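Below you'll find the structure, written out as structure tokens, and then a few comments.
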Amino acid sequence: MIATEHPFTLPIGYLDDEGTLHRDGVMRMATAGDEILPLKDHRVQANEAYLVVILLSRVITHLGTVPAINPKVIENLYAGDLAFLQDFYNQINRTGNIRLHASCPRCEHEFEMELSEVGGS
């Protein structure tokens, strides 16, 4: 079975209006509709850069205790978190697996590793 939802932790975190920081979330894999339908949105037509905002608001299913993920939430992310989410989106939609940069705690050797679901290849 293919894993369609992937957990993530934002490097900085989304700070809501009450001052609560939300870092842990879940992103699902995108469908064709997720990538096509935002192109009809007037905000995207006026500014192509807004596509990522609409797209991420469609595929992020959870972010801490935020009740609903909408474009306003994505607009209020810090730039570092937005860049992280764009990379994460590309990783999970390219292969279904997540590539991470890691280092050995003993010898400090740095390497890339790919995470897959239990039973995955």
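Note that these values count all heavy atoms, side chains included, but never hydrogens, waters or copies made by symmetry. The shown structure was predicted, so the numbers you read here are calculated from the model rather than taken from an experiment.
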Among residues at least two apart in sequence or on other chains, which ones pass side-chain hydrogen bond (donor to acceptor under 3.5 Å, both in side chains) with [X]?
X: D81; result: none
X: Y14; result: none
X: D87; result: none

Would you say H6's side chain and M29's backbone share a donor-acceptor pair under 3.5 angstrom?
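No; judged by distance alone, with no hydrogens or angles, the pair does not exist.
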
How close do P38 and I54 get, heavy atom to heavy atom, and via which atoms?
CB-CG2, 3.4 Å

What are the two closest non-hydrogen atoms of V66 and I69, and how far apart are they?
CG1-CD1, 3.9 Å

To the nearest 0.5 Å, what is the distance between [atom1] ([X]) and [atom2] ([Y])?
X: I12; Y: L82; atom1: CD1; atom2: CG; result: 10.5 Å
X: L85; Y: I60; atom1: CG; atom2: CD1; result: 4.5 Å
X: H22; Y: H62; atom1: NE2; atom2: NE2; result: 13.5 Å
X: D24; Y: T9; atom1: CG; atom2: OG1; result: 4.0 Å

Test of understanding: with ring pair (Phe, Tyr, Trp, His ring centres under 6.0 Å), list the residues that count as partners of F8, not counting sequence neighbours.
F88

Give every residue pair that meets the side chain to side chain donor-acceptor pair (under 3.5 Å) criterion with at least one member in residues 67-78, sequence neighbours excluded.
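Every pair satisfying side chain to side chain donor-acceptor pair (under 3.5 Å) with a residue in residues 67-78: Y50-E75.
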
Within the structure provided, determine whether [X] and [Y] are in side-chain contact (heavy-atom separation under 4.5 Å).
X: L10; Y: L63; value: yes
X: R43; Y: V53; value: no
X: M27; Y: L56; value: yes

With Q45, which residues qualify under side chain to side chain contact (heavy atoms under 4.5 Å, CB included), at least two apart?
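Applying side chain to side chain contact (heavy atoms under 4.5 Å, CB included) to Q45 gives none.
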
For a side chain to side chain donor-acceptor pair (under 3.5 Å) with R28, tell me which candidate from N93, D34, T4, T61 qualifies.
D34

Under 4.5 Å between side-chain heavy atoms, counting indirect links through other Ile/Leu/Val/Met/Phe/Trp/Tyr residues: same cluster for L39 and V59 or not?
yes

